[in-house]
Q: 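Sharing a structure, written as structure tokens. Questions coming.
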Amino acid sequence: MTSTSPPSSPLASLSAAPPTARVPSRLGLALLVLAALLAFYPLYGGSLFPGQHDYLLQKLTAIMILAMVAMSLDLLVGIGGMVSLGHAAFFGLGGYALALLGPEYEAANVWTTLPMALGLVAAAALVIGALSIRTSGIYFIMITLAFGQMFYYVFSDADFAGGSDGIYIYVRPAVEVFGVQLLDLADAETFFYVAFAAMTGTYVFLRVLLASPFGKVLRGIGINPQRVRGIGYNPDAYKLVAFVIGAVIAGLAGYLSAAQFGFVNPSMMSWHHSGTVLVMVILGGLGTLHGAILGAFALEILHTVIESRTEHWLLVLGGLIIVMVLTLPRGIAGLLERLTTLSQKVTSDGHENRGER
């Protein structure tokens with residue numbers, strides 16, 4: 001009697017996620033250690049870097065915000081296969097929303113301005129995404145670049161947005177409930193932990209999203225959209241939802257960046273900024289999420305160190321990036337995965353040898 005196996009679900013027929021989609025246990029432990037070192041930096045940073053602690057605290061906060069943008073772009077590029085050069089437009093739009101929606105010389109209410117800012121970004125992303133996903137490949141790159149530059153030039157010429165000079169935000173948003181202050185965003189350490197919570201929350205949210213049926217379909221679209229369509233899914237609908245989600249995360253990062261620096265200008269929306277974030281994603285490792293965070297930290301730390309050493313820092317940094325991309329095809333995340341896998345193999349071999357003796 002022959003037995004028949006139960007039919008697999010359509011999701012099961014999609015190509016399996018690449019190895020970097022799953023975090024090995026040792027790599028996960030290493031990432032947790034790095035996250036703990038970052039989280040506790042305000043406690044030991046003053047002792048290790050007494051003269052530069054305040055600057056490093058601000059710098060780390062800014063990098064965590066950039067890491068959010070990198071993760072949101074990784075959702076599009078590394079997972080969904082949508083290479084966008086206009087992603088910075090949503091980052092800038094989130095920052096401008098805070099500057100324009102809040103009072104000029106008073107603290108903006110975070111409970112009203114943040115939802116309005118994210119809603120504005122989502123609406124813009126819905127329109128842009130609905131038009132952009134009709135294309136693919138180089139055409140998708142060009143149309144997102146065009147939309148991004150449209151936003152850049154509109155805000156560069158708009159008097160209400162301060163033109164090319166931008167807008168200052170004199171008071172950070174207030175986080176209050178019935179007049180009771182919950183968080184003092186003017187305090188550098190408090191804002192550091194807000195950015196840390198936003199970055200880790202974004203990572204956890206995207207990991208859960210990618211582990212869901214939606215995430216599995218989106219990964220399948222990034223690998224083979226024709227096959228996904230053939231088994232009954234509409235790739236355009238999934239790509240549009242992912243496009244909007246990525247834009248909203250970038251808008252949240254832009255809101256936080258504007259609150260941190262108290263300033264927004266059109267350069268936040270330029271294709272150069274989109275390109276920089278794309279380099280972070282590639283450098284860290286496409287499709288890994290944690291690689292986007294690692295890439296953001298690596299690029300910004302290299303930038304800071306090299307810029308302080310030589311006036312030709314762009315040449316040196318560009319050369320290093322080229323070398324790293326050529327020697328690390330799966331990025332920093334892939335390197336760490338290989339190192340932790342090798343370490344685990346060496347440990348297991350050692351246990352086996354001792355057992356044989």
Q: Measure the spacing between CD1 of Ile143 and OG of Ser136 and express it to the nearest 0.5 Å.
A: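 That separation rounds to 11.5 Å.
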Q: Any sub-3.5 Å donor-acceptor pair from Gln58's side-chain atoms to Ala188's backbone N or O?
A: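 A pair under 3.5 Å: no.
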Q: Can you label the angle between the Trp313 ring and the His303 ring as parallel, tilted or perpendicular, going by 30° and 60°?
A: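 Judged by the thresholds at 30° and 60°, the geometry between Trp313 and His303 is parallel.
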Q: Would you check if the side chain of Asp74 reaches a backbone N or O of Val281 as a donor-acceptor pair within less than 3.5 Å?
A: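 It does not hold such a pair.
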Q: Within a reach of under 6.0 Å around OH of Tyr44, are more than 12 heavy atoms found that belong to other residues, nucleotides or ligands?
A: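 Counting other residues, nucleotides and ligands, OH of Tyr44 exceeds 12 neighbours.
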Q: Which pair of heavy atoms, one from Ala195 and one from Met64, lies closest together, and at what distance?
A: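 Closest approach of Ala195 to Met64, heavy atoms only: CB-CE, 4.1 Å.
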Q: Please report the closest heavy-atom contact between Thr288 and Ala292, naming both atoms and the distance.
A: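 Closest heavy-atom pair between Thr288 and Ala292: OG1-N, 4.2 Å.
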Q: Side chains of Met68 and Leu256: does their closest heavy-atom pair fall under 4.5 Å?
A: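 Yes. Closest side-chain heavy atoms under 4.5 Å.
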Q: Would you check if Arg229 and Asp236 make a side-chain contact, meaning some heavy-atom pair closer than 4.5 Å?
A: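 When only atoms from C-beta onward are counted, Asp236 and Arg229 do touch, with a gap below 4.5 Å.
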Q: Working note: Tyr152 + Phe155, criterion ring-ring contact (aromatic ring centres under 6.0 Å, His included); need CA distance, chi angles, decisive distance, verdict.
A: CA-CA 6 Å; Tyr152 172 79; Phe155 280 87; 9.9 Å; no
Q: Say you draw a straight line from CD1 of Ile65 to CE of Met199; how long is it, rounded to the nearest 0.5 Å?
A: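 Answer for the CD1-CE pair, Ile65 versus Met199, is 10.5 Å.
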Q: Any sub-3.5 Å donor-acceptor pair from Ser72's side-chain atoms to Val69's backbone N or O?
A: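 It does hold such a pair.
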Q: Taking the ring centre of each residue, are Phe243 and Phe90 less than 6.0 Å apart?
A: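 That pair passes the under 6.0 Å test.
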Q: Where the side chain of Ser257 meets the backbone of Ala253, is there a donor-acceptor pair that is under 3.5 Å apart?
A: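 Side chain of Ser257 to backbone of Ala253: no pair is present.
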Q: Minimum heavy-atom separation for Ala88 and His273, please, with both atom names.
A: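 Closest pair (atom of Ala88, atom of His273, distance): CB-CB, 3.8 Å.
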Q: Only counting residues at least two apart or in another chain, list the ones meeting side-chain hydrogen bond (donor to acceptor under 3.5 Å, both in side chains) with Thr135.
A: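 Counting only residues at least two positions away or on another chain, Thr135 forms no side-chain hydrogen bond (donor to acceptor under 3.5 Å, both in side chains).
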Q: Between Ile221 and Gly80, which heavy-atom pair has the shortest distance, and what is it?
A: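 Scanning both residues completely, I find the closest heavy atoms to be CG2-O, 4.2 Å.
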Q: Do Met142 and Leu145 make a side-chain contact, defined as non-hydrogen atoms from C-beta onward lying under 4.5 Å apart?
A: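 Contact flag for Met142/Leu145 side chains = yes.
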Q: For residues Val194 and Leu118: do they belong to one hydrophobic cluster (side chain heavy atoms under 4.5 Å, members Ile, Leu, Val, Met, Phe, Trp, Tyr)?
A: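 Yes, Val194 connects to Leu118 through the hydrophobic network.
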Q: Are any non-hydrogen side-chain atoms of Ile249 and Leu206 less than 4.5 angstrom apart?
A: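 In contact.
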Q: Identify whether Ile322 and Leu283 are in the same connected component of the hydrophobic contact network (ILVMFWY, side-chain heavy atoms under 4.5 Å).
A: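 In one cluster: no.
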Q: Could you point out which residue of Leu302, Leu299, Leu326 forms a side chain to side chain contact (heavy atoms under 4.5 Å, CB included) with Ile321?
A: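 Answer to the side chain to side chain contact (heavy atoms under 4.5 Å, CB included) test with Ile321 among Leu302, Leu299, Leu326: Leu299.
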Q: What's the verdict on side chain to side chain contact (heavy atoms under 4.5 Å, CB included) for Val228 and Ile223, showing C-alpha distance, side-chain angles and the deciding distance?
A: CA-CA 9 Å; Val228 171; Ile223 298 169; over 6 Å; no
Q: Under a 4.5 Å side-chain heavy-atom rule over Ile, Leu, Val, Met, Phe, Trp and Tyr, are Leu56 and Leu37 clustered together?
A: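 Per the 4.5 Å side-chain linkage, Leu56 and Leu37 are co-clustered.
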Q: Any side-chain heavy atom of Leu34 within less than 4.5 Å of one from Phe297?
A: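 Leu34 does not reach Phe297 side chain to side chain.
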Q: Mind checking whether Leu43 and Phe49 sit in one hydrophobic cluster, side chains of I, L, V, M, F, W, Y counted as touching below 4.5 Å?
A: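 Both belong to a single hydrophobic cluster.
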Q: Do Leu314 and Leu320 land in one hydrophobic cluster if side-chain heavy atoms of ILVMFWY residues count as linked below 4.5 Å?
A: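 Yes, Leu314 and Leu320 fall within the same hydrophobic cluster.
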Q: Please round to the nearest 0.5 Å and tell me the distance separating atom CZ of Phe140 and atom CD1 of Ile133.
A: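 Interatomic distance, Phe140 CZ to Ile133 CD1, rounded to 0.5 Å: 8.5 Å.
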Q: Could you check whether any side-chain heavy atom of Leu131 comes within less than 4.5 Å of a side-chain heavy atom of Phe147, counting everything from C-beta outward?
A: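 In contact.
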Q: For Ala67 and Ile293, which heavy atoms make the closest approach, and how far apart are they?
A: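 In terms of heavy atoms, the two residues are closest at CB-CA, 4.1 Å.
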Q: Could you go through the side chain to side chain contact (heavy atoms under 4.5 Å, CB included) check for Leu218 and Val241 one step at a time?
A: CA-CA 10 Å; Leu218 187 62; Val241 172; over 6 Å; no
Q: What pairs with Tyr255 under side-chain hydrogen bond (donor to acceptor under 3.5 Å, both in side chains), at least two apart in sequence or on another chain?
A: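 Only Thr113 meet the side-chain hydrogen bond (donor to acceptor under 3.5 Å, both in side chains) criterion with Tyr255.
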Q: Which is it for Glu189 and Leu57 under the side chain to side chain contact (heavy atoms under 4.5 Å, CB included) test, yes or no, and what are the steps along the way?
A: CA-CA 7 Å; Glu189 289 192 6; Leu57 191 68; 3.8 Å; yes
Q: Go through the steps to decide whether Thr190 and Arg172 satisfy the test side chain to side chain contact (heavy atoms under 4.5 Å, CB included), and finish with yes or no.
A: CA-CA 12 Å; Thr190 300; Arg172 286 184 176 178; over 6 Å; no
Q: As an exercise, state the distance from CG of Leu31 to CG of Leu294, rounded to the nearest 0.5 Å.
A: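 Reported to 0.5 Å precision, the distance equals 6.0 Å.
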Q: Any heavy-atom pair between the side chains of Met82 and Thr144 that's under 4.5 Å?
A: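 SC-SC contact between Thr144 and Met82 ruled out.
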Q: Test your reading of the model: is there a side-chain donor-acceptor pair from Ser270 to the backbone of Ser267, 3.5 Å cut-off?
A: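 Answer holds: yes.
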Q: Looking at Ile282, Val277, Leu278, which hits side chain to side chain contact (heavy atoms under 4.5 Å, CB included) with Val77?
A: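 Testing Val77 for a side chain to side chain contact (heavy atoms under 4.5 Å, CB included) against Ile282, Val277, Leu278 leaves exactly one candidate, Leu278.
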Q: Between Phe192 and Tyr41, what is the ring plane arrangement, given parallel below 30°, perpendicular above 60°, and tilted in between?
A: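 The rings of Phe192 and Tyr41 sit tilted, inter-plane angle from 30° to 60°.
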Q: Within this structure, what is the OG1-CG distance for the pair Thr202 and Leu289, rounded to the nearest 0.5 Å?
A: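 It comes to 10.0 Å.
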Q: Could you check whether any side-chain heavy atom of Met268 comes within less than 4.5 Å of a side-chain heavy atom of Asn265, counting everything from C-beta outward?
A: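 Side chain of Met268 against side chain of Asn265, heavy atoms only: contact under 4.5 Å found.
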Q: Is it the case that atom OH in Tyr139 sees more than 12 heavy atoms from other parts of the structure closer than 6.0 Å?
A: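 Result for OH/Tyr139: open.
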Q: Taking all non-hydrogen atoms of both residues, which atom of Ala97 and which atom of Leu120 are closest, and how far apart?
A: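 It is CB-CD2, 4.3 Å.
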Q: Find the distance between CZ (Arg207) and CG (Leu209) and round it off to the nearest 0.5 Å.
A: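 Those atoms lie 11.0 Å apart.
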Q: May I ask you to decide if the ring planes of Tyr193 and Phe196 are parallel, tilted or perpendicular, using 30° and 60° as cut-offs?
A: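 Because their plane-to-plane angle is over 60°, the rings of Tyr193 and Phe196 count as perpendicular.
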